[in-house]
Visitor: 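Shown below is the structure under consideration.
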Amino acid sequence: HPEVAEYHRSINRVMAELDERSRRLFAGLLARQLGRGGIQRVLEITGISRVTIRRGLRECDESQPAELDRVRCAGGGRKLIEKKALTSKTC
C-alpha cells in the first residue's frame, strides 16, 4: 500500500530531525496512539529498540518537565578522544 509506505517515510523523516529525548517521546506517543501492538509497530517502522520506546512511553507519563539545557545526563555519551588517549597511555 503506497499510503502506508508514505506514512512510514513521513515518520522516519520527522525522527531524523529530532534529538534523542524527543525521538523517544515521539516513539512513545506513536506507540500509545497505535494501541495494542503499538510498540512492535513503531519498532518495525523506525528500527528503534523496544526498550527505548518503552522509556519514551514512561517519559510521556511523567509530569515533571525535562531539563532544558541538556539532552543527556551529565557524564552521558562517548568519552572525549583526548581523555581516552591519556588513560590508555598510563597502562
Visitor: Between Arg41 and His8, is any pair of side-chain heavy atoms under 4.5 Å apart?
Guide: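 A side-chain contact under 4.5 Å exists here.
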
Visitor: Grouping I, L, V, M, F, W and Y whenever their side-chain heavy atoms are under 4.5 Å apart, do Met15 and Leu34 come out in a common cluster?
Guide: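 The answer is yes; both residues are in one hydrophobic cluster.
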
Visitor: Would you name the heavy atoms of Thr52 and Ser49 that are closest together and state the gap between them?
Guide: OG1-OG, 2.9 Å

Visitor: Walk me through it: do Gln40 and Leu43 pass the test side chain to side chain contact (heavy atoms under 4.5 Å, CB included)?
Guide: CA-CA 5 Å; Gln40 181 64 32; Leu43 180 152; 4.1 Å; yes

Visitor: Mind checking side chain to side chain contact (heavy atoms under 4.5 Å, CB included) for Arg32 and listing every partner two or more places apart, or none if nothing turns up?
Guide: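 Arg32 satisfies side chain to side chain contact (heavy atoms under 4.5 Å, CB included) with Leu57, Cys60, Asp61 once adjacent residues are dropped.
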
Visitor: Using the test salt bridge (Lys or Arg N to Asp or Glu O under 4.0 Å), find all partners of Arg36 that sit at least two apart in sequence or belong to another chain.
Guide: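 Salt bridge (Lys or Arg N to Asp or Glu O under 4.0 Å) list for Arg36, sorted by chain: empty.
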
Visitor: Step by step, would you call Ile48 with Arg24 a side chain to side chain contact (heavy atoms under 4.5 Å, CB included)?
Guide: CA-CA 9 Å; Ile48 294 175; Arg24 280 194 311 270; over 6 Å; no

Visitor: Do Leu29 and Val14 belong together in a cluster built from hydrophobic side chains that touch within less than 4.5 Å?
Guide: no

Visitor: State plainly whether one hydrophobic cluster holds both Ile53 and Ile11, where clusters connect Ile, Leu, Val, Met, Phe, Trp and Tyr through side-chain heavy atoms under 4.5 angstrom apart.
Guide: yes

Visitor: Are any of the side-chain nitrogens in Glu59 or Arg55 under 4.0 Å away from the carboxylate oxygens of its partner?
Guide: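 Result for this pair is yes, salt bridge flagged.
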
Visitor: Can you tell me how far CG of Leu30 sits from CD1 of Ile45, rounded to the nearest 0.5 angstrom?
Guide: 7.0 Å

Visitor: Salt bridge or not for Glu6 and Arg9, using N-O below 4.0 Å?
Guide: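 A salt bridge is present here (some side-chain N lies under 4.0 Å from a carboxylate O).
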
Visitor: If every non-hydrogen atom of Thr46 is compared with every non-hydrogen atom of Asn12, which pair is closest and at what distance?
Guide: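 Heavy-atom minimum between the residues: CA-OD1, 3.5 Å.
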
